Amino acid sequence: MTQSHPAAGPGAHRSRIPLICPRCGREQRVVPGGPGRAVKVVHVGTGREACEPGDLARAPDNGAA
């Protein structure tokens, strides 16, 4: 059976909505888990779950008006 819609294949391009860290505002990505490993969300630039201290210093204050 063939697939009639070009976006239905495994190599189809889909628009990607970026994950943004709520603490520092930097982009994040999901690292899949596996047997004995939990799924993690890490920062794209560092590959770490934790925010960089300099990023937290520049983060906007959510309570500022």
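The analysis underlying the following values was restricted to heavy atoms, covering all of them including side chains, and did not include hydrogens, waters or symmetry mates. Just so you know, these numbers come straight off a predicted model, no measurement behind them.
A side-chain contact (heavy atoms from CB on, under 4.5 Å) with L19 is found for exactly one of R26, Q28, H43, namely Q28.
A donor-acceptor distance shorter than 3.5 angstrom exists from the side chain of R37 to the backbone of P32, with no hydrogens or angles considered.
For the side chain to side chain contact (heavy atoms under 4.5 Å, CB included) test, residues two or more places apart in sequence or in another chain that qualify with R48 are T46, A50, E52.
No side-chain heavy atom of V31 sits less than 4.5 Å from a side-chain heavy atom of V41.
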